[in-house]
4 protein chains.
Amino acid sequence: MTDGSNGIGAGNLQVFIERIERLEEEKKAIAEDIKDVYAEAKGAGFDPKIIKKVVSIRKMDVHKREEEEALLELYLSSLGMLADTPLGQAAVSRTFG
Amino acid sequence: MTDGSNGIGAGNLQVFIERIERLEEEKKAIAEDIKDVYAEAKGAGFDPKIIKKVVSIRKMDVHKREEEEALLELYLSSLGMLADTPLGQAAVSRTFG
Amino acid sequence: MTDGSNGIGAGNLQVFIERIERLEEEKKAIAEDIKDVYAEAKGAGFDPKIIKKVVSIRKMDVHKREEEEALLELYLSSLGMLADTPLGQAAVSRTFG
Amino acid sequence: MTDGSNGIGAGNLQVFIERIERLEEEKKAIAEDIKDVYAEAKGAGFDPKIIKKVVSIRKMDVHKREEEEALLELYLSSLGMLADTPLGQAAVSRTFG
DNA sequence: CACTGGAAAATGCCGC
DNA sequence: GCGGCATTTTCCAGTG
């Protein structure tokens with residue numbers, strides 16, 4: 001109580017808000033970077049719309065892959081082969097890599 | 001065509017796509033960080049809903065301020081044509097009144 | 001099934017769709033009216049861009065006010081739990097300060 | 001200049017803005033009506049998403065029809081058969097009706 | 001687990 | 001005709 005705080009951490013609200021705002025700015029900056037890349041690709045003669053479609057298709061593939069990995073981990077853990085261990089992870093990445 | 005390219009710059013396309021995917025991963029990671037901060041704030045006894053609204057109101061403040069500045073700039077440019085006319089002056093005073 | 005219906009209420013579907021289409025036509029007509037007003041204002045010597053910005057700023061004012069009221073309501077409901085604690089009071093004063 | 005106005009109609013800016021705001025409110029009200037209809041249709045067991053798709057498909061058809069009508073009008077006017085007259089319009093609607 | 005509200009993406013429109 | 005902007009639509013997390 002000698003540090004000027006109110007002793008219950010309520011002032012942290014301000015801190016939380018600032019952290020969030022900072023992160024949202026970063027997020028926004030990255031979104032702008034993405035737009036820039038699309039613009040650059042367009043300048044190089046690629047249709048942004050098509051690129052976007054390609055990206056989304058690849059994302060779906062990744063998603064599917066993630067589901068499969070999750071399923072494998074489930075199996076492994078059911079079998080007592082802990083996927084949370086480096087060994088288990090190695091098994092997973094070896095299978096899907 | 002002896003350089004291994006396929007004539008449509010597919011190699012560059014690949015590069016663009018990978019840059020986009022990398023940026024989207026970063027964006028996603030930040031979004032998760034934001035979620036974490038909300039969770040942490042909740043753990044500290046703050047209502048995430050309230051925090052979210054505070055953040056959005058503060059964002060609106062900023063946005064509103066930017067809009068007002070943009071409006072002022074519009075006026076300044078318009079006033080190049082209008083400053084000497086009663087119409088222009090009336091428009092300005094009417095809008096800000 | 002002796003009533004002539006097909007069992008899925010398709011007749012009602014038709015009615016819903018027509019209502020929607022009718023309303024969308026009205027909406028479109030109003031959008032055109034708005035455009036007309038802008039054109040008319042322009043003809044009277046006002047810069048449509050400025051008008052649009054003024055309108056949007058005024059709209060933000062309204063929206064901001066609504067958000068603030070919603071936030072206050074959130075506080076009031078939260079204060080049912082928090083009003084007697086320093087934490088709750090600090091959160092409120094911190095947010096509005 | 002005895003009516004209290006400034007004599008150049010500048011005060012009309014206020015009027016224009018209010019007209020626009022009034023129209024935008026109407027537009028918003030209709031948008032809400034549309035939402036209500038979707039909700040009502042959903043309550044009757046129809047999937048709003050599907051309805052939306054049906055509406056958009058029908059809209060596309062209408063759009064195409066409008067293009068065809070515009071083309072016909074162009075032809076008619078080229079032929080001296082004025083599409084802007086009731087007679088010309090009747091010819092168009094007879095063709096597409 | 002369906003619903004509501006809000007963020008993000010896509011589309012269409014306007015001015016240059 | 002293109003880029004930027006506003007609107008609209010879609011998606012998703014949070015909530016009851």
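Sequence lines set the chain letters: A, B, ... in the order given, protein chains first and strands last, and positions in each chain run from 1.
A heavy-atom distance below 4.5 Å is not found between the side chains of A/Val62 and B/Glu21. For the pair C/Tyr38 and C/Val55, the minimum side-chain heavy-atom distance is below 4.5 Å.
Within 4.0 Å (heavy atoms only), D/Lys27 reaches sugar-phosphate atoms of the nucleic acid but no base atom. Nucleic acid contact class of C/Lys52 (heavy atoms, under 4.0 Å, all strands): none. Heavy atoms of C/Lys53 sit nowhere under 4.0 angstrom from any nucleic acid atom. Residue C/Lys35 is classed as a sugar-phosphate contact, given heavy-atom separations below 4.0 Å to backbone atoms only. Using a 4.0 Å heavy-atom distance criterion, A/Lys49 is classed as a sugar-phosphate-only contact.
If D/Glu24 and A/Lys42 are placed on DNA chain F by their nearest nucleotide, the residue sitting closer to the 5' end is A/Lys42. Across the interface with DNA chain E, nearest-nucleotide mapping of C/Pro48 and A/Ala31 shows A/Ala31 to be the residue nearer the 5′ end.
If you measure from atom OH of B/Tyr38 to atom C1' of E/dG5, you get 14 Å, rounded to the nearest angstrom. B/Ile57 places its CD1 atom 11 Å from the P atom of E/dG6, with the value rounded to the nearest Å. In this structure, C/Leu71 places its CG atom 16 Å from C1' of E/dG6, rounding to the nearest Å. Following rounding to the nearest Å, D/Lys59 (NZ) and F/dT9 (C1') show an atom-to-atom distance of 11 Å. Atoms CG (C/Leu23) and C1' (F/dT8) sit 17 Å apart, rounded to a whole Å. Rounded to a whole Å, the CG atom of B/Asp36 is 11 Å from the P atom of F/dG14. Atom CG in B/Asp33 sits about 17 Å away from atom C1' in F/dA13, given to the nearest Å. The NE2-P distance, from D/His63 to E/dT11, rounds to 15 Å in whole Å.
Between A/Arg22 and A/Glu26 there is a salt bridge, with a side-chain nitrogen of the basic residue lying less than 4.0 Å from a carboxylate oxygen of the acidic one. The existence of a salt bridge linking D/Arg65 and D/Glu69 is confirmed by a sub-4.0 Å separation between a basic side-chain nitrogen and an acidic carboxylate oxygen. A salt bridge links B/Glu68 to B/Lys64: at least one charged side-chain nitrogen sits closer than 4.0 Å to a carboxylate oxygen.
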